[in-house]
Amino acid sequence: MPPPVSLSRSLETCSEEASSSPSVNVRAGATTRTQKTKTSSGNKKRGRVATLKTRPEVEQIFEGLSFFYIPDNDIAPVRRLRINRAKEFGAEWTRDMMTATHVIVEKKLVYKDVEKLWPKDGFGDRAPPKVVNEDYPLDCIQFRAIVDPGQKKYLLDGQVTTETKDKEVLLPTSGVVDSGPGTKSKASSLPLKPQHHNKRKWDYVPPRGTPSQGEESSLMKSLPKANARSKTPPKKDDELSEFISMMQEFKDLPLDVDEDDDAQSTSVGSQHQVDLDQGSGSENERPSKRRSSRRVRPTNKAITFKDRFACNRAGRKDAGQDNPNARTIEMLQKMNSYYERVNDHWRTLAYRKAIGTLKQQTVKITTEEEAYRLPSIGRRLAQKIEEIVTTDKLKRLEYAEEEPTNSALQTFLKIYGVGNKVAQQWIAQGWRTLDDIKQHVKLTPSQMVGVEHYDDLNTRIPRKEVTALGEVVKRAAAKMDPMVQLIIGGSYRRGAESSHDIDFIVTKPGTESVAHLKSFLNTLVAQLERDEFLVARLASSRAGSDGSKWHGCCVLPKIKGLNDDDEEYRPIWRRIDFLLVPEVELGAALIYFTGNDIFNRSMRLLASKKGMRLNQHGLYRDVLRGPDRVKVTEGELVERRDERRIFEILGVTWREPWERWC
DNA sequence: TGGCTGTACTG
DNA sequence: CAGTAC
DNA sequence: GCCA
DNA sequence: GTATG
DNA sequence: CATAC
């Protein structure tokens, strides 16, 4: 594999600006097709400027800004294109730094190079221009917003940051550059989101009238979007498109690559085409900054089989507040709940996994590439993460939340017994509020309770109260059968500070089937109902079935020292569940009822990959699954009593309940 | 391109 | 069984 | 949405 | 009606 | 619940 010498040479030709960035050209050359080899004169003038488009006013994001480029010319085709792009969006190209609002520096250069050009006398009264690398304008265009120029990703080599926060800005010598007004840009960005196949699904449909929503594959990113915009029908032959595709391919590559990159690639060295240049060993782990489609997951970060399962990665609660990615997580969670609402089951799953991954990060994830290297974060999510970090918002989410039916959906789904089908149906019938529902809809008994006690049932239960409720039940139970054990599971067992409901695992030494506990539960429930502790029954075993659970509502009685201080004690309805578990199955049941659900699914998935099966009853092996993965054989029971043994057999290192937050 | 945990209860 | 819940 |  | 899906 | 026994 001889290095592409010839190519690079031809490039150099076109890069008359010598000293600077031969590399750029290399690429251009390599891409041949673009301007046939002989880029020079003829083609060059072929009115690129003439093709300058004017974009709709709303897109004039750079209005009032003037960019000073370093190097100060537009000889290199790529830079010329970039300058023109900036102009399209309202920027002025200035050749005088004194009038510039931003100094756009080629990545190959370091901060010192900028200092050389920096006016010795400063800028007088006016704020000095912001110094950023060439990614800055591109990102602004991509997000259709003036993003914070102080972000790390726009720093030059050798540039020092002033603040430790996210928004640091570097100041040139005399510098007093703050991130300036509008660091939190409010500018509108365009949606970047390919709508999906998602057959037969009521997928989200962007509100009409909003700016192009469209298709835009993740690989296409910003530029193509422009052409595809509704208003201006794309012109196939537009020569700009040629550049566009070229830009897409290279815009994220450092402009220096190639043969000379060598040495300290501390810079955003890229090793694209690593395979080409022999040994040079640039195959360091540098996350290739390219955003092209080519998937190059760094191989160095080998993820072992078992590490791919969430149940094997540590996780504790809390990962929230102080987490450096809190903002990102918050936004993704909103997207997640949106997809939950529209019943996009699998996307919801993907988001939850990604959020889990993010929660475990100890450093802030800033760029797409950085995010992409993490497990369960693919291109699409990585892009969204970068968008959030860069613009502090997510366009896709804004559209989603604008959906008029969205709020009604959100309301209805929080009613016990109402899922997506029913909620959609109600909305289709025109109902939008709880009142509408109360008046016009025939509810099932469960839904009735759900509506009547809507607020109570959607209020989280403080841990302290869960404990208190637990005591009430345990006391009653002990009175009727001291041998029975009640274990509070769910998030409480994981150590949560508040829970959505209370889960009791009801078991008793010596029991081998739920039948042995059924009568006890009936008695217990009956008693607690008389005590007016249990106030509603939502679901309980059907006659014939295994009958192992009971769902209902309860209220905490007035208790000395806990809630008797207020003259007005109002009982709050709480969701309560009982699960009958024969003692022999306690381990499996504990795993199941401790969760969280991602943890459980992960454990079960791992089990199934190992030819085993895990459910609330136990761990089985040699499960035979027929042709359509239909379970043919139950499999042989391996373990069910001992929680730890189940972990062991699955090859999962033991994790305490409070370590099962995924 | 197909899978994505596995089960119990309601109506 | 579809829908819902866990 | 992610992944094998 | 009761069982089944 | 809808359908079947």
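So you know, we letter chains A, B, ... as the sequences are listed, proteins then strands, and number each from 1.
Here D/dC3 presents its P atom at 9 Å from CG of A/Leu381, a figure rounded to the nearest Å. Distance, A/Lys518 NZ to B/dC9 P: 8 Å, rounded to whole Å. Taking atom CD of A/Gln616 as the reference point, atom P of B/dC9 lies 10 Å away to the nearest angstrom. Atom CD of A/Gln424 and atom P of C/dG3 are 12 Å apart (whole Å). Taking atom OH of residue A/Tyr492 and atom C1' of nucleotide C/dC6, one finds them 20 Å apart after rounding to whole Å. When rounded to the nearest whole Å, the span between OH of A/Tyr416 and P of C/dA5 equals 7 Å. Rounded to whole Å, atom C1' of C/dA5 lies 16 Å from atom CD1 of A/Ile576. Per the geometry, CG belonging to A/Leu538 stands 21 Å off P belonging to C/dG3, to the nearest Å.
Spacing of P atoms, C/dG3 relative to E/dA3, comes out at 26 Å, to the nearest Å. Spacing of C1' atoms, C/dC1 relative to E/dG5, comes out at 5 Å, to the nearest Å. As rounded to the nearest Å, B/dG6 and F/dA4 have C1' atoms that lie 29 Å from one another. Spacing between D/dG1 and B/dT7 at atom P, rounded to whole Å, works out to 30 Å.
Expressed to the nearest 0.5 Å, how far CG of A/Leu619 lies from CD1 of A/Ile646 amounts to 6.0 Å.
Contact annotation: A/Arg601 side-chain N/O to B/dT5 OP1/OP2 distance is under 4.0 Å. At B/dT5, none of the side-chain N or O atoms of A/Asn600 fall inside 4.0 Å of OP1 or OP2 (strictly under the cut-off). Contact annotation: A/Tyr339 side-chain N/O to D/dG1 OP1/OP2 distance is under 4.0 Å. In this model, the phosphate group of D/dG1 is approached by a side-chain N or O of A/Arg380 to a distance below 4.0 Å at OP1 or OP2. Phosphate contact (OP1/OP2 of C/dC6, side-chain N/O of A/Arg575, threshold under 4.0 Å): present. Under 4.0 angstrom from either OP1 or OP2 of D/dG1 there lies at least one side-chain N or O belonging to A/Lys384. Distances shorter than 4.0 Å separate some side-chain N or O of A/His617 from OP1 or OP2 on B/dA8. For B/dT7, the OP1/OP2 oxygens have a side-chain nitrogen or oxygen of A/Arg613 closer than 4.0 Å.
Comparing C/dC6, B/dG11, D/dG1 against the side chain of A/Pro445 picks out B/dG11 as the nearest. The side chain of A/His551 lies closest to C/dC6 when the candidates are C/dC6, B/dG11, B/dG6. Which of D/dC2, C/dT4, B/dT5 sits closest to the side chain of A/Ser376 comes down to D/dC2. Picking from B/dT10, C/dG3, B/dA8 the nucleotide with the shortest atom distance to the side chain of A/Lys549 gives B/dA8. Ranking B/dT5, C/dT4, B/dT7 by closeness to the A/Leu349 side chain, first place goes to B/dT5.
Considering A/Thr328, A/Ile365, A/Asn325, A/Leu397 as possible partners of A/Ile388, the one that fulfils the side chain to side chain contact (heavy atoms under 4.5 Å, CB included) test is A/Thr328. None of A/Val473, A/Thr467, A/Ile488 except one satisfies the side chain to side chain contact (heavy atoms under 4.5 Å, CB included) rule with A/Ile502; the exception is A/Ile488.
Contacts of A/Leu579 with the nucleic acid, taken as non-hydrogen atoms under 4.0 Å apart, are absent. Counting any heavy atom pair closer than 4.0 Å across all strands shown, A/Leu332 reaches no nucleic acid atom. When heavy atoms are screened at a 4.0 angstrom cut-off, A/Tyr592 is found touching base atoms of the nucleic acid.
A donor-acceptor pair shorter than 3.5 Å cannot be found between the side chains of A/Thr411 and A/Tyr454. A donor-acceptor contact closer than 3.5 angstrom links the side chains of A/Glu656 and A/Trp654.
Stacking of the aromatic ring of A/Trp346 onto the base of B/dC4 is found: the ring centres lie under 5.5 Å apart and the planes are inclined by under 30°.
With respect to the salt-bridge test (charged N to carboxylate O, under 4.0 angstrom), the residues A/Lys384 and A/Glu387 do not qualify.
A donor-acceptor distance shorter than 3.5 angstrom exists from the side chain of A/Asp456 to the backbone of A/Trp573, with no hydrogens or angles considered.
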